[in-house]
Amino acid sequence: MCGIVGYIGDRDLTSILLVGLERLSYRGYDSAGIAVISDGELSCWKKPGKIHALNEALKNMIIQGQVGIGHTRWATHGEPNEVNAHPQLSQSRRVAVVHNGIIENYLELKSKLKKEGHIFLSQTDTEIIVHLIERYLQDDLESAVELAAKDLVGSLAIAVVAEADPDKIVVYKKGSPLVIGVGKGENYIASDVNAIISHTKNIIYLDDGELAIIEKNNYTIKRNGKIINKEIQTVKWDAVISDKNGYEHYMLKEIYEQAIVVRKLISKYLQNNKVHFKSLKLDKEELAKIKRFIIQACGTSWHSGLLGKYLIEKYTRIPTEVDISSEFRYRDIITEGNKIVVAISQSGETADTLACIREAKSKFFKVLSFVNVKGSSIDRESDGVIYTHSGPEIGVASTKNYVAQLVSLYLFMVHLGILKWTLDEEKVDVMLNNLRRLPEQIDKILQQTDHIKKIAKKYAKSKEFIFVGRGVNYPTALEGALKLKELSYIHAAGYPAGELKHGPIALIDENLPVVCIAPQSETYDKMISNIQEIRARKGKTIVIATEGDENIKEYADDILYIPLCPEDLTPILAVIPLQLLAYYIALELNCDVDQPRNLAKSVTVE
Ligand code: M6R
């Protein structure tokens, strides 16, 4: 994973690199480092932990220099310590490289280089890149990078600086994203536009196999050794500065923003009771002819996809499959018929999801994506896009964007239903009116925070949790369990409630809290039977139920009420108490809720 940034120019190099790294920390925060060339001499500083640690280390230093590169790491090879942090230096310490990606043949190359006398200090795959570059370095840096790149198998976006060729940064891209920011008398490189957008909006997106030589007043892009011209694109959005707005954490702020997000989506996509997706780019006739959807996504976005399947199949009768991206890619998918691959991604940079898009396009599938981050790789590479418009989501655990994905999928389903004539006007009116009531209902749930805090305190010491739901709320059970795992490090598993008796019920005893998602629905009675089975084995039940459900008191140790809404919309409401439950349990356990250990906001390696 990781994020890389670089700058060449006369302005305050260190602050440009550090701010860029901060903005890239969604790609990993295990360590951070910078390398700078000043008066022809290379210096490097790095620290394990979040960018803050590097900031602290550098705060009283005056670092001169006009050329520098920086890196924020999500550890793939080797633990997150200082030695394994990037930049990685060559044996002479005169060449530095930052890398995003994975070198698959690094062991083979390492043993070859060791035989030649190279001594390695780190456990990273990246260190071999810089050794190789130094080995090839004779005339100019770009030739050495080009030769080294030929030896490397895997994914890489690299930026390299060298004392031997001190007035440039050389970058190379294959697999991982990389952009050049074009300025006046200065230039930038970064893993994504947002790291440099406050300095320049003139961006060149590099493609795989391209190498670029970045100088202060110039840049040259090459492919297979030949200079190529690439279009400069002007990005239309501004730097989004996100602060906590008085909330203790980004995550809490984002949970509280959910009603606003739903209102925004409704106002963006609904006009005169009709659904309009401006950026969809797939025309109505094309959509109406679709015979099959294959949704692919990871993590929380995959949970959205599961709900998407229920909705699309129920209301449009179009068969829909849902795959985890890392599985989709390696199965022998049937390509016949009129089909569309749907990608769902908050960041738009998830490597597995992106790889599936490329795979799908190579097999002549059209790709429609639900994306939050504009200008991201998935946004740019899809045939059509529906933006989830949840604004910047900084907390690593996805909250408001999950709700935004569910609402967007719901609107998409309505749009399709109208096109396919499976939904009539009257039905659509009712559905949209129910949707419009959600923001108010979300706000109502958020008023129960104190009650949720108490429940969190009561169960925070539990070693494990189970989450169960049926139908549209089976994905909610998965999402509730994922939130708890990633925030509190408590093991949690989500199951379809009907599956309990096929194995997981063996786990139940008086110490196991089971979160049961049981709003009013077609399967309510079945859920009650499942809850009774849990209680009969002394499991503790925390039940998400519909307001006014008095009956549930008999079966629940604790209850979290959500307002009455149609079953299809209950996942949007039911997930909110689960987000808060996970958040407050994590706080009880002193966990870092915004940046939990081992995670990154955007998973940019496969
Ligand atoms: O950016 P994406 O939606 O593609 O990310 C997918 C997952 O990595 C992401 O949802 C992850 O599971 C979150 N940390 C969940 O909170």
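Reckoned from all heavy atoms, side chains included, excluding hydrogens, waters and symmetry mates. These numbers were taken from a predicted model, which means no experiment stands behind them. Atoms within a ligand are numbered from 1 in the order they appear, just like the ligands themselves.
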- prompt: ring pair (Phe, Tyr, Trp, His ring centres under 6.0 Å) between F370 and F412: does it pass, once the steps are laid out?
  reply: CA-CA 10 Å; F370 288 75; F412 178 64; 5.6 Å; yes

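The two residues I344 and S301 make their nearest non-hydrogen contact at O-CB, 3.3 Å. Closest of all the heavy-atom pairs between L487 and C591 is O-CB, 3.2 Å. What you find for I203 and G181 is that their closest heavy atoms are CD1-CA, 4.1 Å.
For a threshold of 3.5 Å applied to N or O pairs, the pair formed by Q346 and ligand 1 contains at least one separation below that value. Geometrically, ligand 1 and S398 share a nitrogen or oxygen pair separated by less than 3.5 Å.
Within ligand 1, the atoms closer than 4.0 Å to a non-hydrogen atom of V396 are 13 (C), 14 (N), 16 (O), numbered from 1 in the order shown. Close approach of ligand 1 to K483 is summarised as follows: ligand atoms under 4.0 Å from at least one heavy atom of the residue are 15 (C), 16 (O). Under a 4.0 Å criterion applied to the non-hydrogen atoms of S345, ligand 1 contributes the atoms 1 (O), 2 (P), 3 (O), 4 (O). For ligand 1, the atoms lying closer than 4.0 Å to a non-hydrogen atom of S301 are 2 (P), 3 (O), 10 (O). Remark: ligand 1 atoms within the under-4.0 Å shell around heavy atoms of A397 are 16 (O).
Residues Y495 and F467 place their aromatic rings such that the two centres sit no closer than 6.0 Å.
Taking all heavy atoms of G299, A351, S325 into account, the minimum distance to atom 12 (O) of ligand 1 is reached by G299. The residue among L354, N372, T350 with a heavy atom at the shortest distance from atom 5 (O) of ligand 1 is T350.
In this structure, K339 fails the cation-pi test against F293, since its NZ or CZ atom is not both closer than 6.0 Å to the six-membered ring centre and inside 45 degrees of the ring normal. For the pair R380 and Y205, the cation-pi test (distance below 6.0 Å, angle within 45°) is passed.
When hydrogens are left out, the protein atom nearest atom 14 (N) of ligand 1 is E486 OE1, 2.9 Å; that is the closest non-hydrogen contact. At the shortest separation from atom 1 (O) of ligand 1 among protein heavy atoms lies S347 OG, 2.6 Å. The protein heavy atom nearest to atom 8 (O) of ligand 1 is V603 CG2, 3.9 Å. In terms of protein heavy-atom proximity, atom 7 (C) of ligand 1 is closest to C298 O, 3.6 Å. In terms of protein heavy-atom proximity, atom 10 (O) of ligand 1 is closest to T300 N, 3.1 Å.
Partner of Q296 under the side chain to side chain contact (heavy atoms under 4.5 Å, CB included) criterion, out of S326, S325, S345: S325 alone. Between H86 and the choices N100, V98, T72, the side chain to side chain contact (heavy atoms under 4.5 Å, CB included) rule is met once, by V98.
If you look at E349 next to ligand 1, there are no close heavy atoms at all, none under 4.0 Å.
Note: H303 and Y402 have perpendicular aromatic rings, judged against thresholds of 30 and 60 degrees for the angle between ring planes.
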